[in-house]
Amino acid sequence: MIMASNEAESKEEGEEQVTKVAAGEDEDTGAQVAPIVRLEGVVVTTGEEEEDVLLDLKAKLYRFDKEGNQWKERGVGTVKLLKHKETGKVKSSMLL
């Protein structure tokens, strides 16, 4: 009878530990992992630094096929209308 109660207690303790780990509590192993590769920041220029965005939306690009007398989809992407800060000229761009 004493053995049965010890087994029941250890079984409850094991279930309790599983519940703690499952609840998202991380076990601290003390291990430290050093990065293999060191990445440095890179400055990326888009060509849009001197321009204000007037319009930015998702769109489909079509072309008209004269032979088939129908519109054909050429791609899906982002359309932008950009206004230059100094000259005031507006240009459009589409990223597919």
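Computed over heavy atoms, backbone and side chain alike; hydrogens, waters and symmetry mates excluded.
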Practice problem: Identify the heavy atoms of Lys85 and Asp52 that sit nearest to each other, and give their distance. | Solution: CE-OD1, 3.1 Å
Quiz item: Do the non-hydrogen side-chain atoms of Lys80 and Glu51 ever get within less than 4.5 Å of each other?
Solution: no
Quiz item: Is any side-chain heavy atom of His84 less than 4.5 Å from a side-chain heavy atom of Leu82?
Solution: no
Quiz item: Linking I/L/V/M/F/W/Y whenever their side-chain heavy atoms sit closer than 4.5 Å, directly or via other members, would Ile36 and Leu39 fall into one cluster?
Solution: yes
Quiz prompt | Residue pairs fulfilling ring pair (Phe, Tyr, Trp, His ring centres under 6.0 Å) with at least one residue in residues 49-69, sequence neighbours excluded | solution = Phe64-Trp71
Self-check item: Residues, nucleotides or ligands: over 12 heavy atoms within 6.0 Å of Glu86 CD
Solution: no
Quiz item: If you measure from CD on Glu48 to OG1 on Thr46, what distance do you get to the nearest 0.5 Å?
Solution: 4.5 Å
Quiz item: Are Leu54 and Leu57 grouped together when hydrophobic residues (ILVMFWY) are joined by side-chain heavy atoms under 4.5 angstrom apart?
Solution: yes
Self-check item: Contacts of type side-chain contact (heavy atoms from CB on, under 4.5 Å), residue Leu96, not counting sequence neighbours
Solution: Met94
Exercise. Provide the closest heavy-atom pair for Val76 versus Lys60 in the form atom of the first, atom of the second, distance.
Key: CG2-CG, 3.7 Å
Exercise. Report the distance from atom NZ of Lys83 to atom CD of Glu50, rounding to the nearest 0.5 Å.
Key: 15.0 Å
